[in-house]
Each structure stands twice: as structure tokens, then as C-alpha cells.
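The sequence lines fix the lettering, A, B, ..., with proteins before strands; numbering per chain opens at 1. This one's a predicted model, so the numbers in the text were calculated from it and none came from an experiment.
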Amino acid sequence: MKKENNRIKVKDLLVSENLGKEVHVKGWVRTKRGSRKIGFIALNDGSTIHNIQIVVDFPEFDEQTIKLITTGSCLGVKGTLMKSEGHGQNVEIHAGQIEVYGTADPDSYPLQKKGHTLEYLREIAHLRFRTNTFGAVFRVRHTMAYAIHKYFNDNGFYYLHTPIITGSDAEGAGEMFRVSVLDHLDPPKTSEGKVDYEKDFFGKETNLTVSGQLEAELGALALSEVYTFGPTFRAENSNTPRHLAEFWMIEPEMAFYDINDNMDLAEDFLKYIVRYALENSPDDLEFLNNMYDKELLERLKFVVEKEFVRADYTEAIEVLKKADAKFEFPVKWGSDLQAEHERYLVEKHYKRPVILTDYPKEIKAFYMKQNTDGKTIRAMDVLFPRLGEIIGGSQREEDYDKLKRRINELKIPEKELWWYLETRKFGTAPHSGFGLGFERMVQFVTGMSNIRDVIPFPRTPRNAEF
RNA sequence: UCCUCAGUAGCUCAGUUGGUUAGAGCAUCUGACUGUUAAUCAGAGGGUCGUUGGUUCGAGUCCAACCUGGGGAGCCA
């Protein structure tokens with residue numbers, strides 16, 4: 001790879017053995033301190049959470065130039081890499097030449113040397129990358145995204161790009177964002193007075209996808225093992241630290257996997273991502289551990305090392321009924337588990353991640369494979385500490401008649417799903433899959449408590465800034 | 001969407017049962033200092049108290065609505 005004009009990244013300089021050599025570094029000023037004659041600049045270029053210290057003999061430089069070096073300004077520095085005379089760092093650069101690329105007026109630059117609240121930084125999301133915290137979070141996010149692709153690639157999965165714009169609301173996963181080019185003040189109308197989407201761009205009603213699963217299934221029933229990893233949209237009015245209107249979802253879909261194979265994959269996959277982050281982002285995770293969540297590293301190691309507990313829904317209900325805890329919502333077979341129930345199972349009872357299976361069919365989606373008892377389906381939810389449900393998946397119903405009957409029972413427009421049903425008509429196969437919300441996984445690994453702090457530009461109700 | 005807490009200087013906050021001229025730390029600016037580590041020390045500037053309306057002789061403080069943010073819940077990933 002061609003490198004730009006001999007610049008060396010801070011990450012490499014900090015472990016460099018080339019003491020006494022001339023080096024060129026570029027980055028943004030975190031702090032400047034010192035006296036009349038000597039100054040110290042902490043410079044960061046995003047390659048690592050650590051800064052390189054630039055030592056400046058002020059009398060050797062033009063006073064006007066020195067004045068431009070303030071917190072947030074951008075510099076290129078040529079100088080000599082030296083063993084540091086001070087404590088706190090091994091090496092430092094004694095500046096020979098300083099070029100100021102961009103100034104940052106200290107009076108109006110919104111970031112101080114001192115820490116800020118996450119809420120304040122959220123308001124300046126265009127600049128928050130320049131803080132230690134967000135540098136760490138987004139480096140870890142990248143590492144995890146890479147780990148996901150690597151895991152699937154190494155295991156023979158194909159990355160399938162499912163559509164962002166969809167013509168069906170089949171899954172019923174939530175409220176959708178409509179995609180339309182019609183004049184919303186004066187749309188064309190049908191003779192019945194409704195909006196005439198035949199006149200719209202696609203000739204039908206279209207929305208932003210809520211899930212790539214159904215399309216992924218089509219791929220799996222030919223390519224055997226596929227996964228999607230892309231943006232997903234929900235127009236729900238959810239105001240919580242765990243929900244976004246636009247988030248990234250990972251959805252593997254595998255032919256010939258039953259529910260047990262599915263669980264094995266989910267557990268192995270989650271452990272792989274956590275292990276990969278621990279091994280490849282140790283500095284960033286250590287920083288987050290020290291600053292925000294003292295038990296973070298311990299918890300991550302725990303997840304990697306311990307086997308997840310597997311239990312079925314009915315068992316979980318029994319545990320909850322016997323539980324020595326007061327719940328706001330009643331525990332009853334047939335109703336969905338509430339957040340408090342999930343938390344009790346994971347944090348109090350089993351004390352490790354839990355995979356729950358065989359839920360009542362009434363509370364789960366139409367495409368899940370029905371058990372022979374006529375009451376439950378082969379669904380599995382992976383429950384994590386702090387977050388609750390992090391993965392939802394199932395073996396899919398591969399029987400044409402059963403699937404069609406369920407679609408009709410739930411009054412889902414069968415016509416819209418003709419293509420989905422055809423896979424069960426021609427060469428159907430047992431298959432399974434699951435969905436993982438990427439940001440929730442990043443939350444778990446970074447320990448950030450608000451999901452808005454693990455995606456660069458969060459989209460939430462009444463907020464689409466940047 | 002519901003419950004709950006909050007909104008005062010650039011940032012983080014204090015502000016007593018309603019009472020004269022609204023405070024602190026940090027940041028910024030000026031000065032001092034030859035090795036600092038969120039440097040230190042001295043001084044200075046900086047406010048329509050979220051918005052609108054109301055109660056009152058008098059509102060940062062009480063009331064109402066709205067806006068914004070945090071936490072919890074629902075919906076979910």
C-alpha cells in the first residue's frame with residue numbers, strides 16, 4: 001500500500017525502536033501545556049487511544065505559529081523520535097518543524113481538555129470522534145464488524161445483500177418508513193379516494209426494510225449458508241437506550257440446520273466476536289473498562305469462557321413462578337417474558353447467558369417451525385446480562401401446507417408472499433437462522449449504556465441531525 | 001406512547017420557607033514559570049435562569065402547557 005509522504009501513525013511510533021530518527025507525524029492536538037520556554041503537545045491521530053507527546057522548544061519557533069496550536073487544532077510535525085525524559089510515556093518527538101493544517105479557535109471549539117458528559121457529546125456528534133471515549137468505541141465497532149465478516153467467511157457463509165427498499169410488510173416486525181416519490185400534499189387518488197400507489201415510483205407501496213430474513217432464506221435454499229449485515233429501519237416510537245430507528249442487523253440463514261445447530265452457531269458466533277474484540281482492541285477496551293464500567297473486561301471474559309445455559313420456555317416459566325422475587329408483570333404460560341423476567345433468569349438464576357427455546361406459537365412469528373405438540377414453535381432467544389434479548393431466531397417452517405395455514409390464520413396477505421411460499425413448494429429443506437442487532441452487541445462489548453453512543457449518527461424519534 | 005427526574009455562564013453544577021446586585025470549579029483571556037502528564041500559581045471577562053403564559057407587591061424558586069435531555073416501562077433487535 002502506498003503511504004502518504006512518509007507519515008508514521010501514532011500507533012506505530014509508540015512502539016518504534018528507531019530512536020534518534022527523523023519522523024513525520026500528523027494529528028489533532030488534545031492538550032498543550034508547558035512554560036515560557038518549553039511546551040508539551042499531546043497529539044492523536046485516531047490510530048490508537050494513546051497520544052504521542054511532542055516536545056517544543058518555544059524560542060526556536062515563531063510565536064505566531066505557537067499561538068495557533070490549541071486544543072483541537074490539526075498539525076503536521078517533523079522531528080526526532082527520542083526516549084522520553086519525563087514520566088508517563090516511553091517515547092516522544094522533539095519538534096523540528098511544525099505545520100498547522102487547521103486551527104481551532106479556543107473560544108468557540110466545543111471540546112475541552114476536560115471530560116464531557118455523553119449527553120453533551122451527543123449534541124456535537126460531528127466532533128465527538130475526537131474524544132478518547134468515542135475513538136475507542138468506534139474502533140471497537142469497526143473491529144467487531146470485521147470479526148463478523150471474518151467469522152462467516154471462514155465458515156463458508158456467503159454475504160448476501162438483501163434489499164433496503166422492500167415491497168412487503170410480511171414479517172410484521174414493526175412500523176415501517178414509507179418510501180415514496182408522490183407529492184405528499186396532493187397525491188394521486190384511486191376511484192375509492194385512497195392514495196394511488198400504482199402511480200408511485202415502483203408502481204406499488206414500498207417501505208424501508210425491517211429485516212432481510214425472508215430474502216436471506218431464499219439465498220440459503222440454494223447457497224446453503226448465507227448472512228446479511230446491513231441497515232434496518234423501524235418507525236416505532238421507541239424512546240429507550242436500547243432502540244434506534246435505523247440500526248444494523250446481522251442475519252445468518254442456514255439450510256440443513258435444525259434448532260440445535262442454530263443455537264450452536266449463535267453461541268459460537270457470539271463468543272468469537274467477543275474474543276476477537278478482546279484480542280484485537282485491548283487498549284480501547286481497557287480504557288472503557290476503567291472509565292465507564294469496571295466489570296466490563298471481567299464480564300466479556302466470562303461470556304467467552306462459560307457455556308450458555310439452554311432451557312425451554314416452559315422450564316423458564318416454572319423457574320420464574322418459584323422465584324423469590326416480586327415481578328411487576330405476572331408470570332403466566334402463554335405470555336411473553338418481560339424485561340424483568342429475562343433479567344432475573346440471566347442475572348439472578350442462571351448467572352450466565354441463556355438460550356430459551358420452544359416458545360408458545362402465539363407470541364412468535366408466522367415463519368417459525370411448529371412443534372408436534374401443536375402449542376409451541378422452535379424459536380430460540382439468546383438472553384444477555386444487562387441487555388436482555390440480543391438474538392432472536394428459529395428453525396423455519398419448511399412445510400408448504402403448514403406455513404400456508406399459519407399465514408392464513410394470522411390473516412397475512414398470502415399474495416405478497418408468493419415468492420417466499422414457492423421455496424417451500426420447490427425443493428424445500430429444513431433450515432434455520434437468527435437475527436442479531438449489531439448496536440446491541442457493540443453496547444455489550446464496549447459497556448456503553450446508551451445505544452446512541454455506539455452508532456456514529458443515531459436516528460431516533462425526532463432526531464435526524466447530522 | 002406511559003411513568004419519573006432534570007433544564008441556571010462555553011462545560012459540570014450549587015442557589016435556603018418566593019425578597020436587594022444569581023455563585024463555584026473547569027474552560028477562555030492576560031501575566032508568571034526550562035520537563036509538563038486533565039501541569040501549577042495570580043488576575044480578568046463571561047448569564048434574557050429551556051420557551052410561552054399565569055399566580056404574586058415581588059418568581060431562578062410556585063402553577064400550567066409545550067420543547068429538550070436522562071432513567072424506567074411498553075414495542076422490539
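The gap from the C1' atom of B:rG69 to that of B:rC11 amounts to 15 Å, rounded to the nearest Å. Using P as the reference atom, B:rU1 and B:rG60 are 32 Å apart when rounded to the nearest Å.
You'll find that the side chain of A:Asn239 is closest to B:rU1, out of B:rU1, B:rU36, B:rC75.
Remark: A:Lys271 is positioned above the aromatic ring of A:Phe308, its terminal NZ or CZ atom under 6.0 angstrom from the ring centre and at most 45 degrees off the axis.
Remark: A:Thr232 OG1 to A:Phe438 CZ distance equals 12.0 Å, nearest 0.5 Å. To the nearest 0.5 Å, atoms CD (A:Glu416) and CG (A:Leu214) are separated by 11.0 Å.
Listed pair A:Arg452 / B:rG69 fails the phosphate criterion, with no side-chain N or O lying under 4.0 Å from OP1 or OP2. Put simply, A:Arg122 has a side-chain N or O that comes within less than 4.0 Å of OP1 or OP2 on B:rG70.
Atom CD1 of A:Ile54 and atom P of B:rU36 are 18 Å apart (whole Å). Here the C1' atom of nucleotide B:rC76 and the CG atom of A:Leu387 are 13 Å apart, to the nearest Å. Distance CD (A:Glu465) to P (B:rU68): 13 Å, rounded to an integer number of Å.
Among the protein residues, A:Glu92 comes within range of the nucleic acid bases, having at least one heavy atom under 4.0 Å from a base atom.
Residue A:Ser238 places no side-chain atom within donor-acceptor reach of the base of B:rC76, judged by atom type and a 3.5 Å distance cut-off alone.
The number of heavy atoms from other shown groups lying within 6.0 Å of OH (A:Tyr146) does not exceed 12.
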